2 protein chains.
Amino acid sequence: MSDPATRNRSRATADMVARTANVSRVAVSRAFNPHASIKPEKRDLILKVAQELNYTPDMAARSMVTGRSHLVGIIVPDVSGPWESQELDAMTTALQAEGFATLLFRTRDDLSMDETLLTYMKGFNPDSVIAYAENVRPTTLARVLDRAVPIYVGYPDEEAAEAEAAPLFDRLDVLQREGIEQAVALMQGYGARRFAFLAGKTNSLATQSRERMVGKILAERGLPPPIRIQGDYMYDTAYRETLNQFRLGEPVDAIFAANDVGAFGAIDALRTELGLRVPQDVKVVGFDDIHQSHWKSYNLTTVKLDLAERTQALLRLILRRLKNPTSPSLTETVSTRLVVRGTVG
Amino acid sequence: MSDPATRNRSRATADMVARTANVSRVAVSRAFNPHASIKPEKRDLILKVAQELNYTPDMAARSMVTGRSHLVGIIVPDVSGPWESQELDAMTTALQAEGFATLLFRTRDDLSMDETLLTYMKGFNPDSVIAYAENVRPTTLARVLDRAVPIYVGYPDEEAAEAEAAPLFDRLDVLQREGIEQAVALMQGYGARRFAFLAGKTNSLATQSRERMVGKILAERGLPPPIRIQGDYMYDTAYRETLNQFRLGEPVDAIFAANDVGAFGAIDALRTELGLRVPQDVKVVGFDDIHQSHWKSYNLTTVKLDLAERTQALLRLILRRLKNPTSPSLTETVSTRLVVRGTVG
DNA sequence: AACAGTTTTGCACACGATTTCAATCTAGGG
DNA sequence: CCCTAGATTGAAATCGTGTGCAAAACTGTT
């Protein structure tokens with residue numbers, strides 16, 4: 001094995017291993033399957049020869065006959081976002097521990113690519129697919145995939161009707177009320193009256209759900225409805241639009257951001273450009289609790305989506321579905337809670 | 001298609017499409033291959049029937065006979081890191097545009113898992129593998145993979161001898177001198193004399209290469225060798241160790257961090273805990289130029305690894321190798337350059 | 001030594017596509 | 001109307017593996 005040009009470009013197959021070890025090809029297959037019945041010393045011999053020949057079972061061939069690809073597809077909008085990448089990291093780690101490889105796809109942040117991407121992904125026969133409400137329509141999910149039962153991560157309060165009508169797949173429901181309630185209560189407790197909601201991308205179900213919930217809770221507490229600052233989950237936009245709101249619109253004394261990165265943009269706009277103090281002049285709360293939120297420059301109070309909890313719930317759904325492919329659709333539920341740091345007190 | 005329990009759990013095959021369309025199975029295959037010769041109206045019919053049956057060619061079966069899996073494996077340490085996730089995002093987007101799916105694997109940040117992971121990955125028959133010097137040994141890379149020619153992203157000054165001796169695979173060489181030189185020059189120009197190097201993980205080739213290079217350039221300019229602050233690329237460690245350096249060790253007037261996130265930690269330690277001003281009292285330069293580096297709270301001067309340039313180079317390597325599998329090993333080179341912001345001037 | 005019971009073995013087929021290759025069909029020129 | 005080059009077609013082989021099934025080998029008991 002020297003230059004790419006001269007290296008052996010054909011993988012070793014089970015046949016070659018069988019021939020060099022003087023056993024049948026079936027034996028090789030059995031040697032690599034822990035549950036197969038084969039004489040221990042024979043297995044050892046085969047594994048040794050396999051190692052020498054640098055042999056690994058071909059997953060594609062294996063998956064054709066077993067029906068298991070050991071692939072889990074994940075569709076993520078903007079892998080580079082802190083929250084998304086942190087979730088992807090946790091999920092990939094967990095999947096790997098269970099013997100799955102992550103098949104990663106990226107979308108635009110809208111719903112426009114869901115059909116194309118799901119169809120393409122389907123070709124790889126993933127054992128499961130994790131799709132987020134952000135970029136995949138439930139109806140498309142149901143129509144395109146058939147072999148793998150996908151998992152739909154959504155916000156039940158938003159599309160309750162649809163969800164009831166069509167339990168087409170397993171779900172992870174994220175309950176956002178609790179954390180949002182705690183956040184509003186805390187800010188109100190410190191004197192906040194006039195709230196703004198720094199939104200994410202307009203067509204994001206997550207931001208819509210959060211905004212509606214914030215409005216509802218403010219109303220319950222006798223506070224005026226939130227002013228909407230239009231964002232897109234990005235720092236730069238949040239920075240700019242917060243500036244606009246305070247310079248051209250009505251100032252507020254509390255900002256509830258749809259995600260942490262947006263909150264950072266708002267905080268930086270308030271502090272560096274508007275000369276306002278956080279939390280004394282304006283209180284800020286974010287959403288997600290990404291690693292960056294505890295950095296000293298921000299020290300953000302935020303509604304936490306517990307990553308470990310989410311990951312475990314998703315993994316449970318996958319494993320349960322794989323163990324019992326014909327069971328009716330399953331739903332796991334995760335909640336949210338406020339993490340109190342320095343941008344409200 | 002209603003409940004998971006009752007939904008049709010077997011994918012449509014080319015046979016079924018052929019039967020319902022009254023054509024041969026071969027015709028179905030041809031309909032999906034743009035270069036195959038088939039009468040246009042026949043192809044249209046088949047594609048229509050295929051759509052109705054929700055048929056997609058099985059990639060596993062296809063790859064067995066064509067030898068192309070349309071999979072590109074990427075091994076990343078800590079997907080959640082801003083730099084890593086931003087590179088992964090760019091690469092996935094680029095690969096997807098070329099019809100590849102990303103097969104993602106995560107390692108620990110050391111080299112301990114390279115063999116296990118590469119062996120496992122090999123089973124999926126990726127058309128190419130992108131491996132970083134951070135977590136994969138070149139020797140392991142050469143030994144384990146055979147079918148796909150991998151791409152090794154490394155720092156040529158570090159392992160020049162080894163690289164020369166064994167051109168076993170395609171490479172992306174990152175030349176770090178230029179950017180580092182510019183950074184040191186800028187800091188020295190603003191009066192910096194006593195430098196610290198805030199290192200990454202000890203066994204990271206990237207940080208070793210950067211540290212050696214910084215030392216060399218300081219020497220060339222008649223400055224004392226850098227004090228080493230031991231970090232691990234993480235914010236918290238950088239924060240803590242910077243604190244220790246100034247409280248227990250010798251203060252410095254310039255910090256060269258091995259990555260941007262580390263620089264953020266140092267800056268926050270200096271400003272919030274030590275009451276020092278950046279850049280007036282201490283100058284700070286980072287490495288990577290992640291999205292966060294231009295956030296107003298940091299506004300970091302940093303050595304940029306041009307993501308677009310890297311991505312394009314990697315893609316070129318992959319496509320060239322796939323087009324000509326027997327060509328001798330290829331090398332692309334990318335450089336670095338300083339991005340001047342507010343932490344030095 | 002014969003028997004029943006349990007492991008271990010290997011043949012043949014299945015999985016779902018693509019790719020020769022030879023046969024058939026089509027169009028156009030003489 | 002016939003002939004030929006070129007476009008379409010489909011039967012059969014192939015890719016690398018797991019699994020059902022019947023035969024073979026082995027175990028220990030009488």
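These numbers were taken from a predicted model, which means no experiment stands behind them. These values consider heavy atoms only, across backbone and side chains, with no hydrogens, waters or symmetry-generated copies. Throughout, protein chains are lettered first and strands after them, A, B, ... in sequence-line order, and every chain is numbered starting at 1.
Judged by atom type and distance alone, B:R30 reaches the base of D:dG10 through a side-chain donor-acceptor pair under 3.5 Å. Between the side chain of B:R43 and the base of D:dT8, no donor-acceptor pair under 3.5 Å is found.
The distance between atom CG of A:L45 and atom P of C:dT8, rounded to the nearest whole Å, is 16 Å. One can place CE of A:M64 at 11 Å from C1' of D:dG18, the figure rounded to the nearest angstrom. In this structure, the CG atom of B:D15 is 13 Å from the C1' atom of D:dA11, given to the nearest Å. The NE2 atom of B:H70 sits 14 Å away from the P atom of C:dA17 (whole-angstrom rounding). With rounding to whole Å, A:N125 atom CG is found 9 Å from C:dG16 atom P. When rounded to the nearest whole Å, the span between CE of A:M59 and C1' of D:dC15 equals 17 Å. Whole-Å rounding puts the B:F124 CZ to D:dT17 C1' distance at 14 Å. What separates CD of B:E41 from C1' of C:dT26 is a distance of 12 Å, to the nearest Å.
Between B:N33 and C:dA17 there is no side-chain N or O to OP1 or OP2 distance below 4.0 Å. Residue A:S24 places no side-chain N or O under 4.0 Å from the OP1 or OP2 atom of C:dT9. The side chain of B:K42 contributes no N or O atom lying less than 4.0 Å from OP1 or OP2 of D:dA7.
Among C:dT19, C:dG16, D:dG18, the nucleotide with an atom closest to any side-chain atom of A:V65 is D:dG18. Candidate nucleotides C:dT8, C:dC11, C:dT18 were compared by shortest atom distance to the side chain of A:S37, and C:dT8 ranks first. When each of C:dC15, C:dT9, C:dA17 is scored by its nearest atom to the side-chain atoms of B:Y55, the top-ranked nucleotide is C:dA17. With distances taken from any side-chain atom of B:D58 to the nucleotides C:dA17, C:dT19, D:dT17, the minimum falls on C:dA17. Residue A:R25 has its side chain nearest to C:dC13 when only D:dG10, C:dC13, C:dT18 are considered. Side-chain proximity of A:V26 to C:dA12, D:dG18, D:dG16: nearest is C:dA12.
Interatomic distance, CG of B:L317 versus CG of B:L322, reported as 11.5 Å (0.5 Å rounding). Atom OG1 of A:T93 is separated from atom CD of A:E98 by 12.5 Å, given to the nearest 0.5 angstrom.
Both B:A14 and A:I38 sit near DNA chain C, but only A:I38 has its closest nucleotide nearer the 5' end. The residue among A:K39 and A:V28 whose nearest nucleotide of DNA chain D lies closer to the 5′ end is A:V28. Positionally, the nearest nucleotide of DNA chain D for B:N22 lies more toward the 5' end than for the other of B:A61 and B:N22.
Heavy atoms of B:F32 sit nowhere under 4.0 angstrom from any nucleic acid atom.
The aromatic rings of A:F124 and A:F105 lie tilted to each other, with the angle between the two planes from 30° to 60°.
A donor atom on one side chain and an acceptor atom on the other are not found under 3.5 Å apart for A:N125 and A:S69. No hydrogens or angles considered: a donor-acceptor pair under 3.5 Å links the side chains of B:N324 and B:T326.
Taking the side chain as every heavy atom from C-beta outward, B:L118 and B:I75 approach each other to under 4.5 Å.
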